[in-house]
Amino acid sequence: MIETVLLTASLLLLVILITGLMRALIGPSLQDRMLSIQLLGTGGVALLILLGLLLDIEALVDTALVLALLAAVAAAALTRREKRHD
Amino acid sequence: MIELLGSLFILASLAFFAAGSIGLLRLPGVHARLHALTKADNLGLGLLVAGAGLIGGDLLLALKLLLVWLLVMIASAIAAYLIAGHAMNDREES
Amino acid sequence: MEITLWHLLDSLLAILLLGLGWAALSGTDLKRGVVLFMAFGLLLSLIWARLRAPDLALAEAAIGAGLSGALLLLALRDKEKSENNLGQPGFLPGLASLLLMLLLAASFALAYVSAVTGHEGGRLAGLAFGNLEQSGVSNPVTAVLLNFRAYDTLLELAVLLAATLGILALGSERRPFRRPGVLLEGLVAWISPLLVIVAGYLLWAGAHAPGGAFQAGALLAAAIVMLRLGGMRSDHLPGPLVQRWLLVGGITAFMLTGYLASFLGLVFLQYPDGRAGLLILLIESAAMLSIALSLGLAYIGGRPSGWENRSSRGRSS
Amino acid sequence: MGEQKQQGAQFMILTQLIFGITGGLLFAMGLRSALVRESLLARIIAVNISGAGVFLAFVAIAYRGLEETPDPVPHALVLTGIVVAVSATALALALRRRLDEADDE
């Protein structure tokens, strides 16, 4: 019973994430696309937690932690500017 | 009973994720989208973490989940600020 | 054949991955391609989780969703001569490559279907699980990496070293970033130590749970990337001599352990009874540092300035 | 019991097929782009996607069903593969940067 609920929730979540990813496809700006990646990051954390319960793998929560940390690194990497010569 | 409550939390969290996703698609301009997204997905993840903690029924697991949620909240708030600042800079430079 | 909700989830994941891959490969906007490739890596990590491969999910979350994205974003800053001509190939080459692609995919699929549905044959999995108790660790993936197939891992570290040497030989480092704002400085200040802690945890956990030198090394590299983004200059890393030793440390630890075994009358890289767990942890620690520094130097983009100052000082004195 | 086990095996094979064939398609798609695209950066991304397809097929073969532990040998191969892929990507990017500099001189 609970398995069906979790599985349905994962499916719906994935559909929601696919909807959000349309923004990564159409843009138009780089920041718009990056927001879409941020949504996929948070949604990915959520999906990993659900899969961890469903498949009974506790380490997937560790993976969720790593994903959350690296999403912040990616956002920082996007927005940094180099020192300029001029 | 606890499982039922957990399921309700998880299903409710989906509504917030959906709101964030639709906001990202429908709202005009980076800054408006930013608002919709960060609020929705943080609340959504919070509810989902609560539900998963109830269903998992393990204190250590619940603590780990709480840590993940806190991290995502702080990280996504800062990321949102950085992306907003970057969008402003682009506008000034062009 | 019964089709369940699981298969629906699998199909959705697979279609999304294909769609993202296609979108990242098509189109003329390189920025779009890079961002979509980052989404591709993130999704791949979820798929590893779905296929019960948490070790891979961890590594992909650190590398696919983070490090390679950061590397590509940095590369976007370099201008490219041929960027105008990203478009479609001419009619004949386009058709030929499309046919080639279909042929390849079809033969791949054919081989795959017969491998999955055909006779089970002798699989290595049984062998691996059967000997797990003697391997010194209880995580089967770590056992394969550092015990049963230790040769492969040794050579893999050699490949990594070769790639790093290539990067170091190609030029000096990129310009460091501008001074960050207060908020980013704050982010760097709390996220880098956290990355180091999680790396240490994964290294330790790798013996009995998903994790190990590769995941831990990738996270440490992410810490270097984060510090770099916060304006760190390369002379804040350990000195050039220490860096060189750290780079070869993983291979050195591996080889020394191997020769130790030969010296004790065992086969090269065969661990003495009862000591396997400790030796594996030692090798993994050295390998983690090598991997971290290799990937970190890749982000820095070439020889750190300290390496060159040293030789020029020698010349001027 | 025997019938249930057989059903479980079919259940597993369908998942293996879904991801394995996806892997094959990605491999071919990536290879084609690596051949026809002119931009070096696009080619580097293409090779990465192609490699990911091969990894996916490997991991799908290792899959043994919802509750069984999968075969660890392909997992170990793919794990080293992921690290090699990112270091090769880094080397390719460094070569690309050097090429651009050489063009300028």
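Just the heavy atoms: all of them, side chains too, but no hydrogens, waters or symmetry mates, feed the values below. Below, chain A is the first sequence line, B the second, and so on; all start at residue 1.
- Taking each heavy atom of A/Ala72 and B/Ala75 in turn, the nearest pair found is CB-CB, 3.7 Å.
- Of the atoms belonging to A/Ile18, not a single heavy atom falls under 4.5 Å from chain B.
- Counting heavy-atom pairs closer than 4.5 Å to chain A, the top residue among B/Leu34, B/Ile78, B/Asp58 is B/Leu34.
- B/Leu14 contributes atom CG, which lies 10.5 Å from atom CG of A/Leu11 (distance to the nearest 0.5 angstrom).
- Residues B/Val72 and A/Ala68 approach most closely at CG2-CB, 3.4 Å, considering heavy atoms.
- Considering only heavy-atom pairs separated by less than 4.5 Å from chain B, the leading option among A/Leu35, A/Val5, A/Leu65 is A/Leu35.
- With sequence neighbours left out, the side chain to side chain donor-acceptor pair (under 3.5 Å) criterion links B/Asn42 to B/Ser76.
- Of all heavy-atom pairs spanning B/Leu27 and A/Arg23, the tightest one is O-NH2, 4.1 Å.
- For chain B, the nearby parts of A/Ser36 are the backbone and the side chain; heavy atoms of each come within less than 4.5 Å.
- In terms of heavy-atom proximity, A/Ile16 sits nearest to B/Phe17 at CG2-O, 3.5 Å.
- Below 4.5 Å, heavy atoms of chain A meet heavy atoms from B/Glu3, B/Ser7, B/Ile10, all part of residues 2-10 of chain B.
- Taking CD of A/Gln38 as the reference point, atom CZ of B/Arg33 lies at 15.0 Å (rounded to 0.5 Å).
- Interface remark: A/Thr19 contributes backbone and side-chain atoms alike to the contact with chain B (heavy atom separation under 4.5 Å).
- For a residue to count as touching a neighbouring chain, one of its non-hydrogen atoms must lie under 4.5 Å from one of that chain's; by this rule A/Ala71 does not touch chain B.
- The greatest number of non-hydrogen atom pairs below 4.5 Å with chain B, out of A/Leu67, A/Asp62, A/Leu17, is found for A/Asp62.
- For a heavy-atom cut-off of 4.5 Å, chain B lies close to A/Ile49, A/Leu50, A/Leu53 in residues 49-56 of chain A.
- Between chain B and the options A/Ala75, A/Gly43, A/Ala46, heavy-atom pairs under 4.5 Å are most frequent for A/Ala46.
- Among the candidates A/Leu69, A/Val73, A/Leu21, A/Asp32, the residue making the largest number of heavy-atom pairs closer than 4.5 Å to chain B is A/Asp32.
- Taking 4.5 Å as the heavy-atom cut-off, the residues of residues 49-56 of chain B that approach chain A are B/Val49, B/Ala52, B/Ile55, B/Gly56, ordered by number.
- Proximity to chain A is limited to the side chain of B/Leu45, based on heavy atoms less than 4.5 angstrom apart.
- If you take CG on B/Leu11 and CG on A/Leu12, they are separated by 8.0 Å, rounding to the nearest 0.5 Å.
- At a threshold of 4.5 Å between non-hydrogen side-chain atoms, the residues B/Leu61 and A/Glu58 count as touching.
- Using a 4.5 Å cut-off between heavy atoms, B/Leu24 touches chain A through backbone and side chain atoms alike.
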